[in-house]
Asks: 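Dumping the structure here so I can ask a few things about it.
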Amino acid sequence: MTVAASAVAAAAGAQPAALGIAADPTLLRWDPAIRYGQLPNGLRYAVERNTTPKGAVSLRLGIAVGSFDEADAERGAAHLIEHLAFDDTRSFPEHQLALIFAPLHVTFAHDRNATSDLKQTVYQLDLPSTDPSQVDVASRWLRDVADGLTFADPAIARERSAMETERAARSADILRALRTRMDVFVDGDLRSNARYPLGTPDSLAGLTSARLQAFYEHWYRPENAVVVMVGDLPLDVLEQKVKATFADWAPRGPAGIRALRTPPSGERGAQALVLTDARLPAIAGLCRIAAPDAEASPDARLHTLLLRGLWEAILQARINVVKSRRDAPFVEATISDEPRPDSLKTCVGIIPTEGQEVRAVGMIDAEIRRFGVEGPTEAEMDAGLDQVRASVRDAIASNAHASSDRATAVLERALDNLPQLAPREGLRAFDVLMEDTRPAAVRAAFLRDWSGWGPLAPVNSPKPLSEDAVRAAMTGDAYQSTGVK
């Protein structure tokens, strides 16, 4: 968990407004090394001078749209558009981009890449030089990504085929395919479960040039975008480059309509799914699907994340004690969480010992229920706070000294409407937010996160196994004695 921090610069009072974030300046003091701004067209930006490595610059463009907001007929559109950005644009006809960047030692995937997920699409470009002509080329490509894609049918056909190849590769990976089947069981009929970034074969086939162009114009708009530039150039030069490149970007047509962030509905109590695949080792999980985190101020959101990190650290320590026993039915069990637009997914991933799948699920479920009833002790609180604070300190120590890492970190926070703080301020914010935290607050945070659908137990066993046996392990003596649902 990263909570970076810093003292406020003289102009820092305007920074939250520039990013549309109302942060408490007495608690979250923005990093004065970063200059934030917003252009008249609505585009938000952040620039920072960084000399590691010397003579390099990193550029990022983030668009606040991903697969979650795709309509049924648009599934796969966000990812396909991401592919098209490297194929054929207004300033860089077919294959010209790779030819131009090759002599600059800018390679695809390592220095020039893009990603898309449920919520956002991010384009990144890392230059080993601050030569003005190279920065101009890089900036022009980002501007083409913003409003200069061409949607030619041959390019669409090529990238559609590339996505199908990607789908086939994922399907051929038997472990990835197994985890996908487990995720489908756990996530149920949530929209986030039905918005896989690669879409479906049928939806990809229906993504015509006109349909992609419409999606592009609905979502690739300056008010949905953040540009970040970090590198070995003066702040004024970086800022001017952003303004010169993006100031005349104007939206086309109506804006896209966000999909409803409908939380999990209905009742799903203890359920189990057992898959049998002798080619794979035993794998199991215990999961809950809760409502997504409520909209809140940045300081309140950080407090929620810190409390989540704290209860996970304490419960993980308890599970580790169980794992250390000679008769432990599992060799590993790790807590993880995944916030999505419509839900919070929290799981304990389990690697059982051979033939001990049922016992492993039951023992960890009992430990979770016990924690829900008892909450943490004062000693566990002290140890947990030390551990979370150490993770903040370690994140600060490793935090983004290289321009590429800095640019990515600043963009991620801007897209998530969270502040980028300078190093020591992260520890100060942690101390202030967690100063009076009591065991009851940690237990309440756990009960909120470990709620909703579940517990849901997907299991792969090399040998046939009864789903009833797994379900019974979650509703046995431990359940009856604690009463925790």
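For the single chain, residues carry numbers from 1 onward in sequence order.
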Asks: Indicate the atoms forming the closest heavy-atom contact of Leu125 with Ala138, along with that distance.
Replies: CD2-CB, 3.2 Å
Asks: Strictly distance-based, threshold 3.5 Å: is any side-chain N or O of Tyr216 a donor or acceptor partner for the main-chain N or O of Gly148?
Replies: yes
Asks: State, to 0.1 Å, how close Gly384 and Ile314 come at their nearest heavy-atom pair, and which atoms those are.
Replies: CA-CG1, 4.1 Å
Asks: Does Glu74 form a side chain to side chain contact (heavy atoms under 4.5 Å, CB included) with Ser67? I'd like the steps, not just the answer.
Replies: CA-CA 9 Å; Glu74 298 172 331; Ser67 59; over 6 Å; no
Asks: Could you tell me whether a side-chain N or O of Trp219 sits under 3.5 Å from a main-chain N or O of Ala214, the two making a donor and an acceptor?
Replies: no
Asks: Check whether any side-chain heavy atom of Asn417 lies under 4.5 Å from a side-chain heavy atom of Pro298, and answer yes or no.
Replies: no
Asks: Report yes or no: does Arg44 contribute a side-chain atom to a donor-acceptor pair with the main-chain N or O of Gly42 at less than 3.5 Å?
Replies: no
Asks: Is the backbone of Ala85 close enough, under 3.5 Å, to the side chain of Asp144 for a donor and an acceptor to pair up by distance?
Replies: no
Asks: Tell me whether Arg406 is salt-bridged to Asp31, with the criterion being a basic N under 4.0 Å from an acidic carboxylate O.
Replies: yes
Asks: Quick one: does any side-chain atom of Asn460 pair with a main-chain N or O of Ile283 as donor and acceptor, under 3.5 Å?
Replies: no
Asks: Just by distance, no angles: are the side chains of Ser343 and Arg340 close enough, under 3.5 Å, to form a donor-acceptor pair?
Replies: yes
Asks: Quick one: are Asp136 and Lys241 in side-chain contact, heavy atoms under 4.5 Å?
Replies: yes
Asks: Do any N or O atoms from the side chain of Ser161 and from the backbone of Ala157 form a donor-acceptor pair under 3.5 angstrom?
Replies: no
Asks: For residues Ser129 and Gln134, report the shortest heavy-atom separation together with the two atoms involved.
Replies: CB-OE1, 3.4 Å
Asks: In the structure I gave you, are the side-chain heavy atoms of Thr245 and Arg140 within less than 4.5 Å of one another anywhere?
Replies: no
Asks: Are any of the side-chain heavy atoms of Ser404 and Arg60 separated by less than 4.5 Å?
Replies: yes
Asks: Below 4.5 Å, heavy atoms only, C-beta onward: do Pro292 and Pro263 meet side chain to side chain?
Replies: yes
Asks: Report the C-alpha distance between Asp202 and Thr200 in whole Å, list the side-chain angles of each, state the deciding distance to 0.1 Å, and finish with yes or no for side-chain hydrogen bond (donor to acceptor under 3.5 Å, both in side chains).
Replies: CA-CA 5 Å; Asp202 288 343; Thr200 68; 5.5 Å; no
Asks: Just verifying a value: how many Å separate Leu275 CG and Met182 CE, rounded to the nearest 0.5 Å?
Replies: 5.5 Å
Asks: Looking at Leu198, is its backbone amide N or carbonyl O close enough to the side chain of Arg167 to form a donor-acceptor pair, meaning the two atoms are under 3.5 Å apart?
Replies: yes
Asks: Measuring only between side-chain heavy atoms, which start at C-beta, is Val122 closer than 4.5 Å to Leu411?
Replies: yes
Asks: Is any side-chain heavy atom of Trp453 closer than 4.5 Å to one of Val186?
Replies: no
Asks: Testing the 3.5 Å rule here: is there a donor-acceptor pair between the side chains of Asp449 and Trp311?
Replies: yes
Asks: Atom CG in Asp126, atom OG1 in Thr408: separation rounded to 0.5 Å?
Replies: 7.0 Å
Asks: Is a salt bridge present between Arg221 and Asp147, judged by a nitrogen-to-oxygen distance below 4.0 Å?
Replies: no
Asks: Closer than 3.5 angstrom, by distance alone: can the side chain of Asn50 be matched with the main-chain N or O of Ala407 as a donor-acceptor pair?
Replies: no
Asks: Under the side chain to side chain contact (heavy atoms under 4.5 Å, CB included) criterion, do Arg308 and Leu344 qualify, and how do the steps go?
Replies: CA-CA 11 Å; Arg308 182 169 299 149; Leu344 171 67; 3.5 Å; yes
Asks: Using a 4.5 Å cut-off on heavy atoms from C-beta on, say whether the side chain of Arg252 contacts that of Gln213.
Replies: yes
Asks: Does Arg448 CZ have over 12 foreign heavy atoms under 6.0 Å away?
Replies: yes
Asks: How far does CD1 of Ile81 sit from CG of Leu207, to the nearest 0.5 angstrom?
Replies: 8.5 Å
Asks: Between the main-chain N or O of Ala409 and the side-chain N or O of Arg413, is there a donor-acceptor pair closer than 3.5 Å?
Replies: yes
Asks: Closest approach of Thr150 and Asp88, non-hydrogen atoms and distance?
Replies: OG1-O, 3.2 Å
Asks: Under the ring pair (Phe, Tyr, Trp, His ring centres under 6.0 Å) test, which residues partner Tyr123, sequence neighbours left out?
Replies: none
Asks: Indicate whether any N or O donor in one side chain lies under 3.5 Å from an N or O acceptor in the other, for Glu82 and Thr121.
Replies: no
Asks: Do Arg143 and Asp248 meet the salt-bridge criterion of a basic N to acidic O distance under 4.0 Å?
Replies: yes
Asks: Check step by step if side chain to side chain contact (heavy atoms under 4.5 Å, CB included) holds for Ile335 and Ile319.
Replies: CA-CA 9 Å; Ile335 303 171; Ile319 291 173; 4.3 Å; yes
Asks: State whether Asp69 and Arg195 are salt-bridged, where the test is any N-O pair (Lys NZ or Arg NE/NH1/NH2 against Asp/Glu carboxylate O) under 4.0 Å.
Replies: no
Asks: Supply the atom-to-atom distance Glu217 CD to Leu149 CG, rounded to the nearest 0.5 angstrom.
Replies: 10.5 Å
Asks: Do we see a donor-acceptor contact under 3.5 Å between the side chains of Thr130 and Asp232?
Replies: no
Asks: Test side chain to side chain contact (heavy atoms under 4.5 Å, CB included) on Arg389 and Met434 and set out the steps.
Replies: CA-CA 10 Å; Arg389 195 175 196 279; Met434 305 301 281; over 6 Å; no
Asks: Provide the closest heavy-atom pair for Ser209 versus Ile156 in the form atom of the first, atom of the second, distance.
Replies: CA-CD1, 3.6 Å
Asks: Using the ring of each side chain (for Trp, its six-membered ring), is Phe446 parallel, tilted or perpendicular to Trp450, with breaks at 30° and 60°?
Replies: parallel
Asks: Measuring from atom CG of Leu118 to atom OG of Ser192, what distance do you get when rounded to the nearest 0.5 angstrom?
Replies: 6.0 Å
Asks: Is Arg181 salt-bridged to Asp277, going by a charged N under 4.0 Å from an acidic O?
Replies: no
Asks: Under a 3.5 Å distance rule, please check whether Arg211 uses its side chain to pair with a backbone N or O of Gly206 as donor and acceptor.
Replies: yes
Asks: Do NZ/NE/NH1/NH2 and the carboxylate oxygens of Asp187 and Lys345 come within less than 4.0 Å?
Replies: yes
Asks: At what distance, to the nearest 0.5 angstrom, does CG of Asp337 lie from CG of Asp293?
Replies: 9.0 Å
Asks: Using a 6.0 Å distance limit plus a 45 degree cone around the ring axis, check whether Arg191 lies over the aromatic ring of Phe68.
Replies: yes
Asks: Between Trp141 and Phe86, how do the two ring planes meet: parallel, tilted or perpendicular, split at 30° and 60°?
Replies: tilted
Asks: Answer yes or no: is there an ion pair linking Glu164 with Arg160, defined by an N-O contact shorter than 4.0 Å?
Replies: no
Asks: Where do Ala33 and Glu48 come nearest, in terms of heavy atoms and distance?
Replies: O-CG, 3.5 Å
